[in-house]
Chemist: 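Pasting a structure here, questions to come.
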Amino acid sequence: MTEPVVLAELWRGETVESRHFGHAVIVDEAGQIIEAWGDPGKVIYPRSAAKMLQALPVIESGAADAAGLTPEHLALCCASHSGGAIHTDRVSRWLTDLGLAEPDLRCGPQTPSDRSARHGLRAIQAQPSQVHNNCSGKHSGFLTLTRHIGAGPEYIDPDHPVQRSVREVFVEMTEEESPGFGIDGCSAPNFTTTLSGFARALAYLAAPDRLKGTRRKAAKRLIEAMIAHPDLVAGEGRACTVLMRAAAPHAMLKTGAEGVYAAVLPTQRKAIALKIEDGATRASEAAIAAMLVRLGVLESADPAARAYTAAQIRSRRGLLAGYLRAAEGI
């Protein structure tokens with residue numbers, strides 16, 4: 001089957017009100033598809049779900065060790081954070097330690113999704129900065145690599161040595177030549193690949209002993225850092241953080257814009273990648289949670305799982321109106 005299939009549904013009363021279609025694959029440690037829904041050959045932008053691949057050159061090059069990066073730094077390299085103080089304070093110190101500052105970032109400013117941070121800025125009539133950008137950790141990683149190799153400041157340029165190294169890793173890990181790239185919300189290139197190719201790369205992260213040389217240790221360090229610091233990868237109340245805490249230490253989860261989700265399962269040495277056709281995050285969260293239950297990473301009755309696989313829809317008076325559910329069959 002190559003057509004998209006239903007991965008999530010919104011029920012109001014006894015009637016399905018909305019359906020979200022998409023594609024998903026589960027891949028084993030050898031990069032082989034175990035199960036698939038829709039089209040495994042679907043070409044996607046993995047968006048922020050690919051941050052682990054973008055961070056690999058920071059470690060492989062020796063830049064991470066030269067700069068003294070800790071697991072917290074590595075988790076932030078892969079984060080789409082909420083812009084809370086727990087994130088921005090660390091990124092600011094990281095830049096200072098590099099002898100750099102906020103203007104050296106190239107991700108652009110972003111209003112933080114963290115409520116306290118957002119209200120704090122409003123209270124002092126301050127504008128959000130680039131440090132608040134959900135990708136500021138990834139960009140700090142890019143700057144760490146840039147400084148280490150002595151490259152120019154425009155590290156988001158597709159022809160910059162940093163992005164050339166990212167593309168090389170991306171092609172090697174997916175085992176596919178990328179058809180091209182688009183510009184992500186943070187201004188960095190985002191390389192396209194098939195859904196199965198992306199899942200294959202994630203599966204190699206789940207079984208790093210299958211990788212060679214410095215990449216083996218780099219992959220292991222990244223996944224361990226993210227599992228150890230789920231609060232830095234996303235933030236309070238965010239699906240990545242909530243589900244990783246519930247599944248610890250058996251899953252690393254990473255969301256991407258436009259309905260992409262990635263899961264690395266080091267205990268099972270498997271990976272999941274999915275893409276919702278209409279780009280709905282609510283659907284990608286429901287689907288990934290259901291697949292974690294399917295694989296036994298979470299119990300179906302776990303409150304963290306049910307918060308996404310059977311999320312209650314309530315009226316403004318608090319009456320139960322329906323559910324957002326993962327589709328049957330996943």
Side-chain angles (χ1 to χ4, degrees), residues 46-83 86-108 110 129-158 160-170 173 184-191 201 205 214-215 217-229 231-234 240 252 254-256 262 264:
R47 302 295 298 271
S48 285
K51 283 180 177 174
M52 299 80 70
L53 304 181
Q54 293 171 312
L56 281 174
V58 180
I59 302 178
E60 292 179 1
S61 64
D65 288 339
L69 299 192
T70 67
E72 290 188 358
H73 291 103
L74 299 182
L76 283 169
C77 269
C78 304
S80 295
H81 64 68
S82 300
I86 190 175
H87 310 111
T88 56
D89 288 352
R90 284 169 169 79
V91 170
S92 294
R93 288 198 299 270
W94 185 354
L95 292 172
T96 298
D97 290 343
L98 291 174
L100 301 171
E102 186 266 352
D104 293 298
L105 294 169
R106 296 291 185 267
C107 51
Q110 180 182 1
S129 73
Q130 294 186 98
V131 172
H132 293 100
N133 189 299
N134 79 97
C135 298
S136 64
K138 177 180 81 173
H139 281 247
S140 296
F142 286 159
L143 280 171
T144 302
L145 178 54
T146 297
R147 192 189 71 161
H148 184 70
I149 63 177
E154 301 306 320
Y155 62 83
I156 59 171
D157 188 316
H160 191 279
V162 166
Q163 298 307 328
R164 290 205 302 269
S165 67
V166 169
R167 188 183 187 282
E168 182 179 352
V169 166
F170 193 82
M173 290 289 284
D184 212 333
C186 68
S187 298
N190 198 256
F191 299 102
L205 294 177
T214 57
R215 185 159 301 168
K217 291 182 178 180
K220 188 173 186 291
R221 287 173 65 183
L222 281 176
I223 300 308
E224 288 179 349
M226 295 174 74
I227 290 173
H229 299 285
D231 50 345
L232 297 182
V233 173
C240 287
M252 184 289 297
K254 187 67 195 70
T255 187
V264 173

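Positions are given from 1 along the sequence. Small disclaimer: the values here were computed from a predicted structure and weren't measured.
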Chemist: Please give me the minimum heavy-atom distance between Leu76 and Leu232, naming the atom from each residue.
Modeler: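 So the minimum-distance heavy-atom pair works out to CD2-O, 3.9 Å.
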Chemist: Within a strict 4.5 Å, meaning less than it, do heavy atoms of the Met173 and Leu56 side chains meet?
Modeler: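 Yes, side chains in contact.
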Chemist: Would you give the length of the straight line joining atom OG1 of Thr88 to atom CD of Glu102, rounded to the nearest 0.5 angstrom?
Modeler: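 Answer rounded to 0.5 Å: 11.5 Å.
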Chemist: Kindly say whether Leu145 contributes a backbone atom to a donor-acceptor pair with the side chain of Tyr155 at under 3.5 angstrom?
Modeler: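 No; zero donor-acceptor contacts below 3.5 Å.
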Chemist: Contact between His160 and Thr146 at the side-chain level, heavy atoms closer than 4.5 Å - yes or no?
Modeler: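 Yes - at least one pair of side-chain heavy atoms lies under 4.5 Å apart.
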Chemist: What are the two closest heavy atoms between Asn133 and Cys186, and how far apart are they?
Modeler: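 Nearest heavy atoms, Asn133 then Cys186: OD1-CB, 4.4 Å.
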Chemist: Does any part of the side chain of Asp231, heavy atoms only, come nearer than 4.5 Å to the side chain of Ile86, both counted from C-beta?
Modeler: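 Side-chain contact under 4.5 Å: yes.
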Chemist: Can you tell which of His87, His132, His229, His139 makes a ring pair (Phe, Tyr, Trp, His ring centres under 6.0 Å) with His81?
Modeler: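 So, applying the ring pair (Phe, Tyr, Trp, His ring centres under 6.0 Å) to His81 and each of His87, His132, His229, His139, only His87 qualifies.
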Chemist: Do Val162 and Leu143 have side chains that approach each other closer than 4.5 Å (heavy atoms only, starting at C-beta)?
Modeler: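 Val162 vs Leu143: side chains apart.
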Chemist: Determine, stepwise, if the pair Ser80 / Lys254 fulfils side-chain hydrogen bond (donor to acceptor under 3.5 Å, both in side chains).
Modeler: CA-CA 8 Å; Ser80 295; Lys254 187 67 195 70; 2.7 Å; yes
Chemist: Using every non-hydrogen atom in the two residues, find where Cys77 and Trp94 come nearest and quote the distance to one decimal.
Modeler: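 Of all heavy-atom pairs spanning Cys77 and Trp94, the closest is SG-CH2, 3.5 Å.
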Chemist: If you round to the nearest 0.5 Å, how far is CZ of Arg215 from CD1 of Ile59?
Modeler: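 One finds 11.5 Å between CD1 of Ile59 and CZ of Arg215.
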Chemist: With side chains defined as the heavy atoms from C-beta onward, is the minimum distance between Lys51 and Cys135 less than 4.5 Å?
Modeler: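 A side-chain contact exists here, since the closest heavy-atom pair is under 4.5 Å.
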Chemist: Please round to the nearest 0.5 Å and tell me the distance separating atom CD of Glu168 and atom CG of Leu53.
Modeler: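 If I round to the nearest 0.5 Å, the distance is 13.0 Å.
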Chemist: Is the backbone N or O of Asp157 less than 3.5 Å from a side-chain atom of Gln163, with the two atoms forming a donor-acceptor pair by type?
Modeler: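 No; judged by distance alone, with no hydrogens or angles, the pair does not exist.
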Chemist: In Å, rounded to the nearest 0.5 Å, how long is the span from CE of Met226 to CE of Met52?
Modeler: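 Reported value, rounded in 0.5 Å steps: 5.0 Å.
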Chemist: Can you see which heavy atom on Ser140 is nearest to which on Leu95, and at what distance?
Modeler: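 Between these two residues, the closest heavy atoms are OG-CD2, 3.8 Å.
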Chemist: Heavy-atom distance under 4.5 Å between the side chains of Val169 and Glu60, does that happen here?
Modeler: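 Val169 reaches Glu60 side chain to side chain.
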Chemist: Run the salt bridge (Lys or Arg N to Asp or Glu O under 4.0 Å) check on Asp104 and Arg147 step by step: do they pass?
Modeler: CA-CA 11 Å; Asp104 293 298; Arg147 192 189 71 161; over 6 Å; no
Chemist: When rounded to the nearest 0.5 angstrom, what is the spacing between CD in Gln130 and CZ in Arg106?
Modeler: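 Going from CD on Gln130 over to CZ on Arg106, the span is 7.5 Å.
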Chemist: To the nearest 0.5 Å, how far apart are CG in Leu222 and SG in Cys78?
Modeler: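 Leu222 atom CG to Cys78 atom SG measures 4.5 Å (nearest 0.5 Å).
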Chemist: If only atom types and distance count, is the side chain of His148 paired as donor or acceptor with the main-chain N or O of Ala66 below 3.5 Å?
Modeler: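 A pair under 3.5 Å: no.
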Chemist: Any side-chain heavy-atom pair from Phe142 and Cys107 closer than 4.5 angstrom?
Modeler: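 No. Closest side-chain heavy atoms not under 4.5 Å.
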Chemist: Whether the side chain of Gln110 engages the backbone of Asn134 through a donor-acceptor N/O pair (distance < 3.5 Å, no angle test) should be reported.
Modeler: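 A pair under 3.5 Å: yes.
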Chemist: Which heavy atom in Ala50 sits nearest to a heavy atom in Phe170, and how many Å separate them?
Modeler: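 Closest heavy-atom pair between Ala50 and Phe170: CB-CE1, 4.3 Å.
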Chemist: Which heavy atom in Ser136 sits nearest to a heavy atom in Leu105, and how many Å separate them?
Modeler: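 For Ser136 versus Leu105, the nearest heavy atoms are O-CD2, 4.2 Å.
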Chemist: Quick one: does Thr144's side chain get under 4.5 Å of Leu98's, heavy atoms only?
Modeler: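 Touching, per the 4.5 Å side-chain cut-off.
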Chemist: Identify whether the distance between the nearest side-chain nitrogen and carboxylate oxygen of Arg221 and Asp65 falls below 4.0 Å.
Modeler: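 Salt bridge flag = yes for Asp65 with Arg221.
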